[in-house]
Structures are given as structure tokens and as C-alpha cells.
Number of protein chains: 2
Amino acid sequence: MSIGLKDIAQKTGFSVNTVSRALRGDSRISAGTTAIISRAASELGYIPNAIAASMRSSRSKTIGVVSADSANPFFSEVIRGIEESARHFGYQILLANTEESAKREADLVRMFLCRQVDGIIAMPTYDKDLDHADLYGRLSIPFIFAGRYLDGLKDHCVLHDDVEGQRSVVEHLLDKGHRNILCLAGPKKVSNTHDRLAGIREAFESRHLALEENYIVHAMGHIEDGYAITNHALNRGLEFSAIVCFNDMLAMGVLKSLHENNLSVPSDVEVFGYDNLYMSQFMQPSLSTVDVPKFRLGAVAMETLVAHIEDDSLPYAQRNVSTRLIFRESTR
Amino acid sequence: MSIGLKDIAQKTGFSVNTVSRALRGDSRISAGTTAIISRAASELGYIPNAIAASMRSSRSKTIGVVSADSANPFFSEVIRGIEESARHFGYQILLANTEESAKREADLVRMFLCRQVDGIIAMPTYDKDLDHADLYGRLSIPFIFAGRYLDGLKDHCVLHDDVEGQRSVVEHLLDKGHRNILCLAGPKKVSNTHDRLAGIREAFESRHLALEENYIVHAMGHIEDGYAITNHALNRGLEFSAIVCFNDMLAMGVLKSLHENNLSVPSDVEVFGYDNLYMSQFMQPSLSTVDVPKFRLGAVAMETLVAHIEDDSLPYAQRNVSTRLIFRESTR
DNA sequence: CTGTTTTAGATTAACGTTAATCCATAAAAA
DNA sequence: TTTTTATGGATTAACGTTAATCTAAAACAG
């Protein structure tokens with residue numbers, strides 16, 4: 001069958017334990033012995049069995065990542081940050097997408113627990129029926145939320161200020177004289193939607209203006225939603241001179257719809273996205289948006305998680321990454 | 001510490017083995033006993049230890065997925081197909097990206113072996129220095145390539161006919177009178193680039209026309225490459241009336257560059273992509289492209305892999321998914 | 001030269017599960 | 001009645017590693 005430590009032990013005459021320690025670089029094994037053992041290992045084509053190691057050491061060196069939406073490159077970037085950082089710390093990633101389903105998220109977390117992950121990074125969804133904060137709260141392993149939060153667990157988060165980010169967008173538009181701003185909000189079960197909506201409201205309040213509720217439309221955040229919602233708004237004769245979107249994917253769909261309806265951007269309608277996807281600068285017109293440091297968000301989350309895995313007495317504390325407005329061709 | 005089978009055994013009075021069998025639904029345990037045990041398990045908050053199970057049964061119910069480029073939604077779709085199918089068969093996925101680096105790919109495969117995956121699905125890269133076909137050829141576990149191949153291992157593949165697909169695009173353009181077609185090829189180390197280039201050449205040959213080599217430019221396949229290459233081609237005064245791209249991401253960059261240079265699509269230049277990303281229909285103008293059934297590609301790969309895992313005598317045989325041309329606004 | 005520490009490695013016992021075997025008891029067949 | 005065959009479960013031994021403990025020899029201090 002396959003080669004194990006004992007085969008190396010037999011070949012070299014050392015004990016299994018010595019072989020194990022040597023291959024792990026334990027300082028209690030002399031350099032000479034280590035060299036002999038390493039050579040024997042590679043000669044035999046030894047492949048370490050990480051499962052057995054995990055079992056005995058009760059550390060799997062694996063972390064579970066609960067991502068939200070596989071269709072949105074935003075998450076790909078965050079995950080790349082997680083992955084890169086994980087590699088740096090010697091961790092492996094078990095990844096799965098919830099596609100924004102809270103039930104699926106709960107199943108995933110349970111599956112991760114079965115797999116004995118050392119920690120979890122999640123982009124969580126909340127659902128009134130499933131007590132999600134509780135699901136995480138009961139976890140006996142470290143966990144970090146990246147870019148989203150659940151009430152009561154903010155100290156487990158790496159966040160960016162969505163209220164502030166979205167408010168500055170809308171204030172900017174209001175100050176330029178826009179009064180009818182169509183707002184494409186995100187899915188109702190994620191914290192970002194809530195916060196960005198709050199940002200919009202704050203902006204209107206700060207300028208002592210009223211925000212009409214029929215100017216707010218919720219969507220899942222996919223490109224086709226932006227397209228369909230804009231078409232629909234135009235069809236029902238809604239007047240607007242600017243559109244702010246929950247994310248860049250929505251904004252791309254918006255651009256398509258506006259163009260098909262012979263409205264030019266930004267002269268007829270100004271459009272703002274959110275996230276600053278890499279591809280957004282290549283859209284036609286290029287998208288004005290709010291930059292979120294996606295890669296860094298993932299990297300910081302992983303970094304923080306590892307810190308908690310390696311020191312379980314470390315107190316949790318919210319960390320932040322900063323956003324900034326980016327003005328491109330979709331606004332004046 | 002944490003609850004194990006023995007705790008349930010203690011509580012119910014049955015043996016550890018009986019508990020194990022009951023929870024796995026073994027038919028040799030009576031329904032009554034199974035019910036008692038299941039209830040006890042959930043009362044105790046039992047979480048099965050998949051690591052221990054893997055270790056003993058030497059089946060991890062995990063498959064390794066080697067994806068290529070995290071920035072391209074093409075792969076996200078394929079992976080979604082893999083994931084969905086994996087879930088159906090009760091498998092978990094260990095996912096990592098090579099970002100088209102053959103070295104990283106080799107490292108990943110080795111890591112997967114350490115983790116005792118039951119099989120591997122890869123989108124492989126080849127490299128003259130690393131004998132990649134050998135790396136896979138020596139594998140003692142089942143493996144499938146999705147959408148790409150390595151020479152000598154085509155029977156491990158689920159493929160689509162790239163030669164045919166790209167040829168039909170170019171033949172179409174040649175038949176419409178285009179003579180100067182700029183070809184944005186893909187990265188040199190992937191089979192698709194090779195095949196699609198062959199398709200282009202076949203098209204020219206079949207129409208008894210010459211393809212000038214300076215009309216072929218290689219790129220990594222990212223959106224910024226399409227943008228930069230088109231700019232560069234225009235700057236050096238290259239004449240062309242059509243552009244065929246290795247993939248849709250490149251084509252998006254192309255569209256941006258052409259627009260900035262006041263060339264209109266399709267009247268001045270016709271543009272073809274490849275892959276039919278979901279978002280391509282929302283580009284401005286929407287992209288003509290070659291549809292590749294990405295989700296299905298992943299699902300079939302997973303399905304095939306599972307068949308091989310469950311029957312190791314099953315002979316490998318190439319499987320195919322079909323592509324088709326899609327005409328949208330970027331062509332006439 | 002004795003007693004103590006250090007070094008390098010060996011021994012033993014898990015980790016939590018599943019596979020392989022074995023053993024009752026009861027029902028069915030002879 | 002005796003023998004077979006299910007049925008339902010118990011016992012025992014791994015799986016390949018690592019942690020905890022122990023031992024012999026060498027090095028060192030007093």
C-alpha cells in the first residue's frame with residue numbers, strides 16, 4: 001500500500017516517532033539524522049497523511065470559508081485575499097457558497113464543524129427564522145466575519161463603513177442638485193444592504209430632503225436585476241436623474257438598460273456603483289463607485305482568524321478597512 | 001471535551017459500533033434502536049468527526065479542485081457545476097487556484113494528495129520544465145480534466161471542441177469579407193489557446209487565405225490585456241476590421257479600447273468573444289461569442305469523477321459538451 | 001569523582017471512528 | 001425435537017499519526 005512513517009523508520013532504523021519529529025523539523029533531532037530521514041522519505045516517495053496528523057493533533061490546519069455569491073467577482077477577490085494569507089500561514093481552505101441562502105449557510109457551518117476546521121470566515125446572511133447569531137455564537141472554534149456583520153457579533157468582524165460610504169455618494173449627488181435618485185438596494189438579509197440604505201437616508205436627512213419610498217427597490221444584486229429594475233422604473237414613468245446601486249454588478253445592468261432606452265450616462269442620468277470591481281473601470285462608460293479593499297479585507301480576516309486560532313484567549317475586536325469614492329465616466 | 005460515539009454508547013447502553021452503524025443507517029440495526037440512538041445523539045449535540053471517519057475508512061469524501069484563474073467568471077461557473085454535483089453525491093470540495101502557474105498547480109496536487117482527497121478535477125496548465133502529464137499520470141487516485149487537456153491524457157477529459165468553435169467564428173468573418181482579423185490568443189500554456197489558434201488557422205486555410213503572424217497576439221486573458229493590446233495595435237497602425245478574442249474578458253477590454261478610440265462596434269470593427277459569460281449579454285454592445293456550457297462542464301466532470309471513484313475498474317473515456325455560436329450586437 | 005543537566009532518541013498510548021469477526025437469541029425448517 | 005438461518009448487536013483491532021513520558025549516554029559543574 002502507501003508509504004507511511006513506519007516504512008521510513010524501518011528503512012533508516014530510527015523509531016517512528018523520531019521520523020515524525022525529523023520530518024516536522026523538531027529541534028530535538030540532530031541535523032544528521034534529519035538529513036538521513038528526509039532523504040529516505042523522498043526516496044520512498046513518502047506522502048504525509050494530513051488526515052491522520054489532524055486526527056492525532058486535533059488541528060486540521062484547515063479553515064472553512066462561507067462565501068455568499070459565486071456570481072459576484074467581489075467575493076472572488078475577497079477569497080483571493082483569504083487564500084493568499086492562508087497560504088502564508090500554512091492553512092488550507094474549505095470553500096463553499098451560500099448563494100445568499102441562510103439555510104444553506106447553517107448547513108455549511110455544520111459541515112465545516114464535522115470536518116474539524118480550525119476556524120471559520122463567513123460572509124453571513126441573516127434570517128429571522130434561523131437564529132444565525134446563535135449558530136455562530138455557540139461555536140467553539142474561532143470565527144471572523146468579512147465585510148458583513150451579524151447583530152451582537154460585531155467584534156468578530158472586519159468591516160468597512162457602509163453607512164458612511166453610501167452617504168457620501170448620495171450627499172455628493174444631492175449637493176449637485178439631484179432630487180430624484182433611484183436607489184437599487186441589495187438583498188434584505190445582508191448587513192450591507194441595511195447600512196447602505198441607512199447611509200442613503202442619512203444623506204437625505206442631512207440635506208433636509210425627503211426620500212420617497214418608491215425610489216427604493218430591493219434586488220438580489222445581480223447584473224440582470226439592475227437591468228430589469230431600471231427597465232421597469234422607466235416603464236412605469238418614474239422620473240430620476242441619478243441611480244445609486246448597491247453594487248457594481250447592479251450598476252452594469254443599469255448602464256445596459258439606460259443605453260437601450262436612449263438615455264445617456266452621465267448627461268441624462270448619473271450612475272454610482274459600489275465595490276469597485278476590477279472590471280468596473282472597463283465598463284462603457286466606466287463606473288463611478290466606492291472602492292472597497294477586497295483583497296485586503298480577506299487577508300485581514302484570515303490574519304485575524306489565525307491570531308485567534310493560535311491564541312484562544314485573544315479578545316475579539318472589530319477591525320476596519322477604509323473605503324473611498326472613485327469618480328469615473330458614469331458621473332459628471 | 002467534545003461528544004463522541006462512546007458518549008452516546010454510554011448514554012444508550014449500546015456498543016460504540018452499534019451507535020456508529022445506527023447513525024450511518026446500517027440496515028442491521030433495528031429501527032427502534034436507531035431511533036433511540038439518533039435521539040440521544042441530537043440530545044447530546046453530537047457532531048460527527050469526519051476526519052476520524054476518513055482516517056478509518058480511508059475515504060475522505062472530498063475531492064480536490066484545481067482551478068485556473070480566479071479573476072475569470074468562467075471558472076466560477078464551472079466550479080458551481082462541480083459544487084452542485086458534488087453536493088448531490090455527498091462530496092466536499094477542496095478548492096484552489098493556480099492563477100495559470102504550472103508550479104503552483106503541481107504544489108496543489110501534492111497538497112491534495114496529502115489531504116487524502118478521493119479524486120481530483122483540474123483545469124491544467126502545461127509547462128515544458130515540469131512534466132505535468134507525468135504528475136497526473138502517476139496519480140493513484142481518479143482525476144478528470146474539465147475544459148482543458150494535457151497531451152496523452154485526453155481520455156481523462158470533459159471537453160468542448162475549441163478547434164471547431166473558433167474555426168466557425170473565423171470562417172463566418174472571412175465569409176463576410178473580413179480580411180484583416182486581429183486575433184487575441186490566450187496564455188501559451190493552456191490547451192484551449194492551442195486549439196483555438198488551430199481553429200483560426202484552419203479557417204484561413206479552408207478559405208485559401210493567408211494569416212499574417214503579426215495579427216496574432218498572446219495574452220493572459222484578462223480584461224486589461226484586451227484593452228492594452230487593442231490600444232497597442234491601433235497605435236502601431238495595424239489595420240483590422242474584426243477582432244476575435246480567446247475569451248469574453250479580453251473582448252470586454254477590446255470594446256473599451258475601441259470605444260475610446262472612436263471606433264464603433266460593429267460598424268467599424270466586429271468583435272467576437274469566447275465562453276459566453278453570463279455578463280457578456282449586458283456589455284455595451286452585447287458580445288457575440290461562443291457559448292460553452294460551463295455549469296454542465298463542471299457537473300459532468302464531477303459526475304464522471306464520482307463514477308471512477310466508486311468503480312476503479314471503469315475505463316477512462318473522453319466526454320464532450322457542445323458549443324454554439326451566439327450572435328449579438330458586437331457583430332453585424 | 002560525584003551529581004546534575006543536556007542531548008538524542010525510543011516506548012507507549014492515544015485520537016474517534018469503521019471494518020472484520022464473532023456471539024447470542026429467536027424464528028423457521030427439517 | 002433438532003438443526004439451520006436470520007436478526008441484532010457486541011468485541012476487537014486497526015487507520016497513520018503525534019503527544020507524553022521515559023531512558024541512556026554524554027557533557028558539565030562543583
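All heavy atoms count here, side chains included; hydrogens, waters and symmetry mates do not. We name chains A, B, ... by the order of the sequence lines, and we start the count at 1 in each one.
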Using whole Å, report how far CD1 of A:Ile51 lies from P of D:dT18. 13 Å

Please work out which of the three classes, parallel, tilted or perpendicular, describes the rings of A:Tyr316 and A:His308, given edges at 30° and 60°. parallel

Quick check on C:dC15: is either OP1 or OP2 less than 4.0 Å from any side-chain nitrogen or oxygen of A:Ser57? no

Please determine if B:Arg148 and B:Glu105 form a salt bridge, counting it only when a charged side-chain N lies under 4.0 Å from a carboxylate O. no

Kindly indicate whether the side chain of B:Arg28 and the base of D:dG9 share any N or O donor-acceptor pair separated by less than 3.5 Å? yes

Does B:Val16 or A:Ser15 map to a spot on DNA chain C nearer the 5' end, using the closest nucleotide for each? A:Ser15

Please determine whether a side-chain nitrogen of the Lys or Arg among B:Lys11 and B:Asp7 lies less than 4.0 Å from a carboxylate oxygen of the Asp or Glu. no

Report the distance from atom CE of A:Met55 to atom P of D:dA19, rounded to the nearest whole Å. 14 Å

Measure the CD1-OG distance between A:Ile79 and B:Ser70 for me, rounded to the nearest 0.5 Å. 9.0 Å

For the CG atom of A:Leu297 and the NE2 atom of A:His160, what is their distance to the nearest 0.5 Å? 5.5 Å

For B:Asn192 and B:Gly147 the tightest heavy-atom approach is ND2-O, 2.7 Å

Rounded to whole Å, CZ of A:Arg115 lies from P of C:dT17 at a distance of 14 Å

Rounded distance in Å - CZ (A:Arg24) to C1' (C:dG9): 14 Å

With ring centroids as reference points, do B:Phe143 and B:His156 lie under 6.0 angstrom apart? yes

In whole angstroms, the gap separating P of D:dA19 from CG of A:Asp26 amounts to 9 Å

Compare side-chain N and O positions of B:Ser58 against OP1 and OP2 of D:dC15 and report whether any pair is under 4.0 Å apart. no

With sugar-phosphate meaning primed atoms plus P, OP1 and OP2, does A:Ser54 contact a base, only sugar-phosphate, or nothing at under 4.0 Å between heavy atoms? nothing

With hydrogens left out and only the distance checked, is there a donor-acceptor pair under 3.5 Å joining A:Asn17's side chain and the base of D:dT17? no

For B:Arg56 and for B:Gly13, locate the closest nucleotide of DNA chain D by heavy-atom distance; then report the residue assigned to the nucleotide nearer the 5' terminus. B:Gly13

Atom-pair distance (NZ on B:Lys61; C1' on C:dT18), nearest Å: 15 Å

Can a cation-pi geometry be assigned to B:Lys189 and B:Tyr126, taking NZ or CZ under 6.0 Å from the six-membered ring centre and within 45° of the ring axis? no

Interatomic distance where CZ belongs to A:Phe14 and P belongs to C:dG9 [whole Å]: 6 Å

Using only side-chain N and O atoms of B:Thr18, determine if any of them is under 4.0 Å from OP1 or OP2 of D:dG9. no

B:Arg87 with B:Glu83: basic N within carboxylate O range, under 4.0 Å: no

Kindly state which residues belonging to residues 4-12 of chain A come within less than 4.0 angstrom of DNA chain D, counting heavy atoms of the residue only, listed by number. A:Gly4, A:Leu5

Phosphate-side-chain proximity, A:Ser20 and D:dT18, N/O vs OP1/OP2 below 4.0 Å: yes

To the nearest Å, how far apart are A:Arg21 CZ and C:dA8 P? 12 Å

Salt bridge flag under 4.0 Å for residues B:Arg104 and B:Asp107: no

By a strict heavy-atom criterion of less than 4.0 Å, which residues belonging to residues 39-50 of chain A are in contact with DNA chain D? A:Tyr46, A:Asn49

It should be established whether A:Ser30 places a side-chain nitrogen or oxygen under 4.0 Å from OP1 or OP2 of nucleotide C:dG9. yes

